[in-house]
Amino acid sequence: MKHSEAHPTRDTVLIGVFGALWGLMEVTLGVTLKGLRIPMGGALLTAVSAIIFLTGRYFVPRRGSILMMGAVAAILKIFSIGTVIAGPFLAILIEAAMGELLISLLGIHRLSYLLTSVILVLYTIVHPFFSQGLIFGVGIYKIYLETFTRFAEILGIGLHHLLWVALGYAGVHVLLGVLAGWIAFSLPRRVEAEHRQMQSQREGIG
Amino acid sequence: MKRYVFISLGLVALALGMSYRNLVILVPLTFALALLTDLVAIRRIFRWKFVAFLAVLVFGIPLFIGQRNALFLGVPYSPEIFRMSVVMAFRSMAILMAIKIFTAHISVEQMAAALQRVRLKQFSHVFTISMHLLPEIRRITLNTFREYRTSVQGWNIFSQTFDWTVKLIVRLLYFAEQYDANQPGKGE
């Protein structure tokens, strides 16, 4: 057995810690947001998730770390409640895969953190359609399209007007993503500074 | 465990194979398989919200969209959308039953053991550690949250929340380092 398998390395422990924190947040905050029926709850949850895993990725600059954190969080989520929670499980895995891909391609800097958060928060608009497509089949898209067309007919407006509403909604998501990305980039730096300060204080006492 | 994984996969395969023509064969087969496996778990899926959603999908939607060129009790509806909705309803039931059977019979520990067996060793290692650390992470997070709730004052909530998030991550990092340092073979 290799040494890394017998004893966890610092990176493995940190991935485990951030993955568990992400899962814990998904379970507690996720249930609270759903229970309170807060608008854009999914986007808020994704924004907080992005802050957690991007902070984790800063401390574990290793490819695949976000994916592993996401897998831990997804498994915790699917076994957390008695109800069937296929949508959130899938959402966490997709978020992790997208986050991993973007950060691996772009590297760690403010712009990549902003872009990753914005894309992930925007994805929350598409996700229900995607997961419903998996559960109900592609027929659900035809029903959505026909329903939107009929809805526009009843209101006496064109489909492009509904598109403007959707764009406005997406704009709010972009703002939330920018905020999350900004926090996700600033947080690890402050944490690093405080952690260093704490360590030097401890060494001073020692 | 294997039995439930195969039953869940079987249900997903049946769901994916459903079309309006083969519903008469596949739907009874799906329900027989699911009900014989776990009646209690399956009953939990059929909550009123889900049933109401399916009812609207099958009986409501065809009345409003598509080519309404057929009549039922004098009410025009779209047979094409009706057929599509029926398939979607049964497909969703089959997939949700598969997930329910999977999650009702497989625990997190079994999942970790399975990951180890399929040679996803690195992930299985991370997963085992995170399960081991979870109670302490929960305790640290809850304590920090309690401190945060009692200390937040004034209007600068955003800045205070940020400061407390920094504190939480610092505490978790310290805990992770302590855990890592206390591993056998470390610090020798």
Side-chain angles (χ1 to χ4, degrees), chain A residues 2-10 12-21 23-25 28 51-52 55 59 64-65 67-69 71-72 75-76 78-79 82-86 89 132 134-137 139-140 142-143 145-147 149-150 183 186-188 190-195 198-199, chain B residues 15-16 18 44-45 47 50 57 61 64-66 78 81 84-85 87-89 91-92 95-97 99-100 102-104 106-108 111-112 121-123 125-134 137-138 141 162-163 165-170 172-177 179-180 183-186:
Chain A
K2 284 177 191 170
H3 180 76
S4 64
E5 285 165 12
H7 308 298
T9 61
R10 180 184 172 273
T12 318
V13 177
L14 283 178
I15 293 171
V17 167
F18 281 99
L21 182 67
L24 208 61
M25 187 278 302
T28 53
I51 294 171
I52 292 174
T55 304
F59 291 107
S65 54
L67 212 53
M68 281 199 263
M69 287 176 217
V72 170
I75 294 175
L76 281 177
I78 203 166
F79 286 103
T83 53
V84 176
I85 39 170
F89 172 77
Q132 283 178 21
L134 286 180
I135 293 174
F136 293 99
I140 197 82
K142 188 177 178 177
I143 286 186
L145 188 66
E146 295 239 12
T147 308
T149 313
R150 188 98 179 97
I183 295 171
S186 311
L187 189 68
R190 269 282 303 278
V191 169
E192 210 170 31
E194 292 228 358
H195 188 58
M198 199 171 94
Q199 270 180 331
Chain B
L16 296 179
M18 279 180 193
R44 278 188 220 134
I45 292 174
R47 293 167 176 223
F50 181 59
L57 181 70
I61 299 287
F64 297 100
I65 61 169
S78 164
I81 299 291
M84 200 190 279
S85 301
V87 175
M88 282 194 287
R91 178 189 158 115
S92 66
I95 288 181
L96 293 181
M97 286 192 293
I99 298 169
K100 189 70 215 173
F102 182 79
T103 54
I106 293 154
S107 67
V108 180
M111 192 87 170
K121 277 193 178 148
Q122 204 184 10
F123 175 67
H125 197 49
V126 167
F127 190 68
T128 311
I129 290 171
S130 65
M131 287 302 102
H132 188 63
L133 302 180
L134 190 64
I137 294 169
R138 185 182 284 142
T141 311
F162 184 79
D163 290 344
T165 313
V166 170
K167 264 182 204 166
L168 171 68
I169 306 291
V170 169
L172 289 173
L173 276 184
Y174 178 69
F175 165 65
E177 278 167 6
Y179 178 85
D180 184 40
Q183 289 305 299
K186 287 275 173 90

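Quick note on labels: first sequence line is chain A, next is B, and so on, each numbered from 1.
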With a 4.5 angstrom heavy-atom cut-off, is it the side chain or the backbone of R150(A) that approaches chain B, or both, or neither?
side chain
CG-CE distance between L76(A) and M25(A), expressed to the nearest 0.5 angstrom
11.5 Å
Please identify each residue that fulfils side-chain contact (heavy atoms from CB on, under 4.5 Å) with S186(A), with sequence neighbours left out.
R110(A), W182(A), F162(B)
Checking T141(B) against chain A: side chain, backbone, both or neither under 4.5 Å from a heavy atom?
side chain
Segment of Q199(A) engaging chain B (4.5 angstrom heavy-atom cut-off)
side chain
Parallel, tilted or perpendicular: which one describes the rings of F18(A) and F59(A), with boundaries at 30° and 60°?
parallel
Return the option, out of I15(A), I143(A), T147(A), with the maximum number of heavy-atom pairs under 4.5 Å with chain B.
I143(A)
Testing L134(B), I129(B), V126(B) one by one against V72(A) for a side-chain contact (heavy atoms from CB on, under 4.5 Å), which residue passes?
V126(B)
Examine whether an atom of M198(A) lies under 4.5 Å from a heavy atom of chain B, and if so say whether it belongs to the side chain, the backbone or both; otherwise answer neither.
side chain
Greatest number of heavy atom pairs closer than 4.5 Å to chain A - which of I81(B), I65(B), L133(B), I61(B):
I65(B)
Residues which pass salt bridge (Lys or Arg N to Asp or Glu O under 4.0 Å) with E146(A), listed by chain and number, not counting sequence neighbours:
none
Please classify the contact of L16(B) with chain A as side chain, backbone, both or neither, using a heavy-atom distance under 4.5 Å.
neither
Are the side chains of V13(A) and F175(B) in touch, meaning some heavy atoms are under 4.5 Å apart?
no
Most contact-rich option vs chain B, by heavy-atom pairs under 4.5 angstrom, among L134(A), L14(A), T55(A), is L134(A)
